[in-house]
Amino acid sequence: MALSGISRVRRQLPISPWLFAAPGLLVTGAFVLYPFVSTLVNSFTDRRTLIPGRFVGLANFRELLHDDMFWTGLRNSTLYVLGVVPLLVVLPLLLALLVQKNIPGITFFRSAFYTPVVASIVVVGLIWVWLLDDRGLVNAMLETVGVGRVGFLSDQWLLLMSAMAVTVWKGLGYYMIIYLAALGNVPRELHEAAAVDGAGAVRRFLSVTVPAVRSTMVLVGALSSVAAFKVFSEVYLLAGPSGGPAGEDTTLVMLVQRTGTGLTGRVGYASALSVVVFAVTVALMLLVLRADRKEES
């Protein structure tokens with residue numbers, strides 16, 4: 001009886017790992033794989049919210065090329081990447097170097113820098129709207145010193161830069177933690193040897209710290225690039241559903257949301273937009289990895 005029980009367990013062992021993985025696979029299939037395949041299929045149809053639609057081939061993608069709002073969204077999303085990513089690669093590293101030091105009260109500053117990360121993006125957006133509005137705190141202070149009111153939320157480019165500032169402010173603490181983990185693996189002997197050779201703080205940063213955390217910088221660059229290109233909440237909360245003055249601050253993800261929702265939403269066209277966003281984000285990841293490998297070689 002005992003031997004037969006052991007043989008049954010042995011026969012069941014090959015299936016056991018799949019049983020443990022089944023819940024995760026089901027969740028991934030239901031909420032990741034199926035939506036991805038469905039979006040890809042819908043991008044070749046003229047489906048609407050309440051209408052199944054029919055196959056139209058590449059018509060949606062051809063329409064993109066003649067859609068002014070698509071090019072506006074692509075421009076704004078690209079500018080967002082160019083404006084946000086360099087800051088999120090460099091500033092969190094400098095912040096991590098600052099809070100890495102064991103000095104009295106540094107725990108408070110570590111918590112303070114990380115607080116925006118755990119704060120709700122809606123709450124953060126409302127706070128910044130209150131600060132930057134024409135009658136907000138910042139404009140009141142500028143008016144007090146005689147500068148006059150600045151249209152942070154009414155000017156096309158100032159609004160986009162304000163949204164970038166929110167993204168950088170909210171992401172600093174998150175990437176700071178990643179850099180702190182990487183800095184903890186940098187041998188102190190390297191800094192001590194560089195100091196003995198007469199290298200100053202800036203020289204040690206460039207010749208010791210940066211090479212040691214270069215792979216982490218690549219990771220941060222890849223993550224922040226994808227997040228910046230897919231930005232939605234910050235611009236939506238500051239600019240509103242219309243995307244700022246005449247919709248000139250609309251990003252690609254905002255255009256997807258605006259096009260594909262509602263009772264008359266063009267699901268097929270929004271799916272084509274989503275496929276373009278996916279393709280560009282994958283291309284960004286590959287470009288970052290290619291640049292890293294080229295530098296290593």
Side-chain angles (χ1 to χ4, degrees), residues 67-89 91-92 95 112-143 149-177 220 223-263 265-266 270 273-274 276-278 280-281 284:
D67 187 352
D68 292 337
M69 286 307 301
F70 166 73
W71 293 110
T72 298
L74 182 61
R75 178 200 66 194
N76 292 331
S77 296
T78 303
L79 290 175
Y80 216 90
V81 172
L82 297 176
V84 166
V85 173
L87 295 176
L88 285 179
V89 171
L91 293 182
L95 201 61
F113 292 141
Y114 191 74
T115 299
V117 179
V118 298
S120 168
I121 184 59
V122 176
V123 175
V124 169
L126 291 176
I127 291 174
W128 279 79
V129 168
W130 176 70
L131 289 173
L132 301 177
D133 189 68
D134 289 343
R135 298 183 178 274
L137 180 61
V138 174
N139 272 315
M141 295 175 62
L142 292 176
E143 202 168 41
R149 297 182 183 273
V150 178
F152 293 107
L153 304 182
S154 56
D155 180 81
Q156 172 189 347
W157 300 112
L158 286 178
L159 195 154
L160 195 64
M161 288 189 286
S162 299
M164 292 179 187
V166 176
T167 299
V168 172
W169 179 76
K170 195 173 188 330
L172 280 176
Y174 176 77
Y175 296 115
M176 178 193 73
I177 296 298
V220 171
L223 294 176
S224 58
S225 296
V226 173
F229 192 81
K230 297 192 301 179
V231 65
F232 172 79
S233 300
E234 291 91 328
V235 181
Y236 185 87
L237 291 170
L238 267 63
S242 61
E248 287 296 322
D249 291 295
T250 300
T251 64
L252 280 181
V253 177
M254 288 180 66
L255 187 59
V256 171
Q257 183 268 344
R258 186 189 308 165
T259 305
T261 57
L263 294 178
R266 299 181 60 192
L273 288 168
S274 301
V276 172
V277 173
F278 172 76
V280 175
T281 53
L284 283 173

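Sequential numbering from 1 along the given sequence is applied to the chain's residues.
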Open item on the list: Quick check on Tyr174: does its OH atom have over 12 non-hydrogen neighbours (other residues, nucleotides or ligands) under 6.0 Å away?
Closed with: no

- [ ] Look up atom CG in Leu159 and atom CD in Glu234, then write down how far apart they are to the nearest 0.5 Å.
- [x] 12.0 Å

- [ ] Hey, could you give me the CG/CG distance between Leu87 and Leu82, rounded to the nearest 0.5 Å?
- [x] 11.5 Å

Please output the side-chain donor-acceptor pairs of residues 250-257 that fall under 3.5 Å, not counting sequence neighbours, one pair per line with the distance.
{"unit_1": "Thr250", "atom_1": "OG1", "unit_2": "Gly247", "atom_2": "O", "d": "2.9"}
{"unit_1": "Thr250", "atom_1": "OG1", "unit_2": "Arg258", "atom_2": "NH2", "d": "2.8"}
{"unit_1": "Thr251", "atom_1": "OG1", "unit_2": "Val231", "atom_2": "O", "d": "3.1"}
{"unit_1": "Thr251", "atom_1": "OG1", "unit_2": "Met254", "atom_2": "N", "d": "3.4"}

- [ ] Please round to the nearest 0.5 Å and tell me the distance separating atom CD1 of Ile121 and atom CZ of Phe232.
- [x] 11.0 Å

Open item on the list: Considering only residues two or more places apart or on different chains, which pairs with a residue in residues 246-257 satisfy salt bridge (charged side-chain N to carboxylate O under 4.0 Å, His left out)?
Closed with: Arg75-Glu248

TODO: Evaluate the criterion side-chain contact (heavy atoms from CB on, under 4.5 Å) for residue pair Thr259 and Phe70; output intermediate values, then yes/no.
DONE: CA-CA 11 Å; Thr259 305; Phe70 166 73; over 6 Å; no

- [ ] Kindly say whether Phe278 contributes a backbone atom to a donor-acceptor pair with the side chain of Thr281 at under 3.5 angstrom?
- [x] yes

TODO: State, with a plain yes or no, whether a side-chain heavy atom of Val220 is found less than 4.5 Å away from one of Pro92.
DONE: no

- [ ] Measure across Ser224 and Val89 and return the closest heavy-atom pair with its distance rounded to 0.1 Å.
- [x] OG-CG2, 4.5 Å

Task: Considering all heavy atoms, the nearest Asp134-Ser154 contact - done: OD1-OG, 4.1 Å

Task: CD1 on Ile177 to OH on Tyr175, rounded to 0.5 Å - done: 13.0 Å

Open item on the list: side-chain contact (heavy atoms from CB on, under 4.5 Å), that's the test. Do Leu158 and Met161 meet it? Break it down for me.
Closed with: CA-CA 5 Å; Leu158 286 178; Met161 288 189 286; 3.7 Å; yes

Open item on the list: Any non-hydrogen side-chain atom of Leu74 less than 4.5 Å from a side-chain atom of Phe229?
Closed with: yes

Task: Trp169 versus Pro116, closest heavy-atom pair with distance - done: CZ2-CG, 3.6 Å

Open item on the list: Under a 3.5 Å distance rule, please check whether Tyr80 uses its side chain to pair with a backbone N or O of Ala163 as donor and acceptor.
Closed with: yes

TODO: Please report the closest heavy-atom contact between Ser225 and Leu284, naming both atoms and the distance.
DONE: O-CD1, 4.0 Å

TODO: Please round to the nearest 0.5 Å and tell me the distance separating atom CG of Leu238 and atom OG of Ser233.
DONE: 11.0 Å

Open item on the list: To the closest 0.5 Å, what do you measure between CG (Leu132) and OG (Ser162)?
Closed with: 5.0 Å

Task: Check: Arg135 main-chain N/O paired with Asn139 side-chain donor or acceptor under 3.5 Å - done: no

